[in-house]
Number of protein chains: 2
Amino acid sequence: MTTSTEENYLKAIYHLSTGNQNSVLTSAIAGSLSTSSASVTDMIKKLSEKNMVEYERYHGVRITRKGEKVALSIIRRHRLWEVFLMDKLKFKWDEVHDLAEELEHVSSDELTKRLDAFLGFPKFDPHGDPIPDTNGKVHSNGQVLLSEITKKGKYILSGVNDHSPSFLQYLEKKGLIPGSTFSIVEMDEFDNSMQIIFSNKKSIFISKEVSKNLLVRSHE
Amino acid sequence: MTTSTEENYLKAIYHLSTGNQNSVLTSAIAGSLSTSSASVTDMIKKLSEKNMVEYERYHGVRITRKGEKVALSIIRRHRLWEVFLMDKLKFKWDEVHDLAEELEHVSSDELTKRLDAFLGFPKFDPHGDPIPDTNGKVHSNGQVLLSEITKKGKYILSGVNDHSPSFLQYLEKKGLIPGSTFSIVEMDEFDNSMQIIFSNKKSIFISKEVSKNLLVRSHE
DNA sequence: TAAATAATTTAGACTTGTCTAAAAATATTA
DNA sequence: TAATATTTTTAGACAAGTCTAAATTATTTA
C-alpha cells in the first residue's frame with residue numbers, strides 16, 4: 001500500500017506539523033529528510049494523489065487524516081521497537097533510534113500487536129515520547145517544549161525531539177534523561193538560554209538550541 | 001554494501017546450490033524467486049562484478065566463498081528472527097517465515113548478536129533447520145532428504161525445505177513436526193511414495209513431492 | 001549431424017526515487 | 001511598488017530492478 005519512502009515522508013510531515021497549525025514547507029521536509037526540494041515536490045504530488053496530504057503549488061502541504069493515520073502507525077511501531085531494543089536487548093538509549101528506523105517498516109499489524117503485548121503495553125518509549133495506541137491516539141500528557149516555557153519553577157523532562165546519538169549522548173553527560181526533575185533558576189531573554197538546577201544541587205546552562213529539543217511537564 | 005534484492009538472490013542461489021555440486025541454472029533461480037530469466041541474468045552480472053558468484057554465459061552460476069558468507073549471514077538472521085517470533089511472540093510455525101523474510105534485511109551485526117544472546121543461543125529454528133553461527137558455519141547434523149532414503153527403518157524429522165504456510169499446515173495436520181519420529185514401513189519404487197508409521201501406530205502415506213521437502217536423520 | 005526445441009541472453013522500455021540546472025512564483029526590501 | 005532575493009517547481013537525466021519480445025546459444029531428436 002505505502003512504500004518505506006512514502007512512510008518516511010509522511011512521518012517527517014507529521015512531525016513538522018505538530019505544534020504549528022500552518023502547512024509544512026517543501027524546504028522544511030527536504031531539510032528533515034536530507035534530500036532535495038525537487039525530490040520533495042515529486043513525492044508530495046504522489047502523496048497528494050493518494051489523498052495522504054493536501055497540496056497547493058508553492059504553498060506547502062497539510063497532512064490529511066488518512067496520512068496522519070499512516071504516520072502514527074509507523075511512529076507506534078518505531079517506539080515499540082525502541083522499547084524492545086532497550087528493555088530486552090539492552091541497547092543504550094542513543095543506539096535504538098537508527099535500528100528502529102529500519103524495523104518500523106516491517107509491515108504487519110499482527111506483529112506490532114504481539115510486540116506490544118510482549119513488552120507489557122508500554123505507554124512511552126525510552127526517550128519519554130508517548131507511544132500512539134492502535135487507533136492512532138497519542139497520550140499527549142501535557143508536555144511542552146522547554147523553549148516555550150516562560151515561568152521559572154520545577155519541571156520534569158518528559159521527552160526529546162532530536163533523537164540523534166550525539167544529542168542523546170550530550171544529554172546523558174549533562175544528567176538530562178527522561179524522568180529527571182529540575183528547577184529553572186534563571187532565564188536570559190537576550191539569547192534565550194536558561195540555567196537549571198537538579199535536586200542534587202548540580203546546576204547547568206541550557207542554550208536555546210538544546211531547549212528547543214526538550215519536552216517537559218510542570219512538576220508539582 | 002548489499003541491497004535486499006541482492007541478498008535475496010544470494011540466498012536463493014545458496015539454497016539451490018546445497019546438495020548438488022553443479023552450477024545453478026538461471027531458470028531455477030527465476031523459478032525460486034518468481035521472476036523472469038531476463039531479470040536473473042541482469043542481477044547475476046551485477047553479483048558477478050561484486051565477486052559474489054562466478055558466472056559463465058549460458059552455463060549458470062556458482063556461488064563464491066564471499067557470496068556464501070553473505071547468504072549465510074542472512075539465513076542466520078532469518079532463523080534467529082523465526083525463533084524470536086515463535087518463542088517470544090507466540091506465532092505459529094507456519095506464520096513466521098514471511099515475517100522473518102522482512103526482518104532478515106535489517107542490517108546490524110550488533111542486533112543479530114544481541115538477539116542471539118536474548119534467545120539463549122538457539123541452534124535450530126522452529127522448522128528444525130540449523131542456525132549458522134557468526135562465522136557462517138552450519139551444524140549440518142547429518143540430515144538427508146527423505147526422498148533420498150533407500151533403507152527402511154526409524155527416522156526423526158529434523159527440518160523442512162518448503163516453508164510455505166500451506167505446506168507447514170499440511171505437515172501439522174499429518175503430525176509431521178520437527179522432532180517427531182517414525183518408521184518407514186513401505187517404499188513404492190514406481191511412484192517413489194512411501195508409507196510411514198508413528199510411535200502411536202498411526203500410519204500415513206507420503207508422496208515424492210512431500211518427501212523431497214522433508215529432512216530427516218536416522219534414529220537409533 | 002542437421003533440424004527442431006528449449007534455455008539463456010540482449011535490446012529496449014517502464015517504474016520508483018533521486019539528482020542538477022533552469023524557469024516560475026513568491027517574498028523582501030529599498 | 002519596482003527590483004532583488006528566495007523558494008518552489010519543472011525539465012531532463014540517472015540508477016536499480018523489473019518486464020516482454022527478439023536474438024543467441026545449447027540441447028535433443030530424428
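The figures here come from the full heavy-atom set of this structure, side chains too, leaving out hydrogens, waters and symmetry mates. Chain naming here is simple, since letters A, B, ... match the order of the sequence lines and numbering starts at 1 in each. Every value quoted in this text rests on a predicted model; they were computed, and no experiment measured them.
Ion pairing between A:Glu7 and A:Lys11 fails under the 4.0 Å rule for side-chain N and carboxylate O. Using a 4.0 Å cut-off between a side-chain N of Lys or Arg and a carboxylate O of Asp or Glu, B:Glu82 and B:Arg79 do not qualify as a salt bridge.
Of the N and O atoms on the side chains of A:His163 and A:Asp94, not one donor lies less than 3.5 Å from an acceptor on the other residue. Side-chain contact annotation: A:His97 with A:His78, donor-acceptor N/O pair under 3.5 Å present. Side chains of A:Asp133 and A:His139: a donor-acceptor N/O pair is absent below 3.5 angstrom, by distance only.
In this structure, the CD atom of A:Glu7 is 16 Å from the P atom of C:dT16, given to the nearest Å. A straight line from CD1 of B:Ile44 to P of D:dT18 spans 12 Å, rounded to a whole angstrom. The distance from atom CD1 of A:Ile29 to atom P of C:dT18 is 13 Å, rounded to the nearest whole Å.
Non-hydrogen atoms lying under 4.0 Å from DNA chain D are contributed by B:Thr35, B:Ser36, B:Ala38, B:Ser39, B:Asp42, B:Met43, all within residues 31-43 of chain B. Within residues 52-60 of chain A, the residues that place at least one heavy atom under 4.0 Å from DNA chain C are, in residue-number order, A:Tyr58, A:His59.
Considering only side-chain N and O atoms, B:Thr26 lies under 4.0 angstrom from the phosphate OP1 or OP2 of C:dT9. At least one side-chain nitrogen or oxygen of B:Lys45 sits closer than 4.0 Å to the OP1 or OP2 atom of C:dT10.
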May I have the list of side-chain donor-acceptor pairs in residues 47-57 of chain B shorter than 3.5 Å, sequence neighbours left out?
unit_1: B:Lys50; atom_1: NZ; unit_2: B:Met1; atom_2: O; d: 3.0
unit_1: B:Lys50; atom_1: NZ; unit_2: B:Glu6; atom_2: OE1; d: 3.3
unit_1: B:Lys50; atom_1: NZ; unit_2: B:Glu6; atom_2: OE2; d: 3.0

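Taking the six-membered ring where tryptophan is involved, the planes of A:Phe84 and B:Trp81 are tilted, since the angle between them lies from 30° to 60°.
Remark on DNA chain C: of its neighbouring residues B:Ser27 and A:Thr3, the 5'-side contact belongs to B:Ser27, judged by nearest-heavy-atom nucleotide.
Taking the six-membered ring where the residue is Trp, the centroids of A:Tyr14 and A:Tyr9 are separated by 6.0 Å or more.
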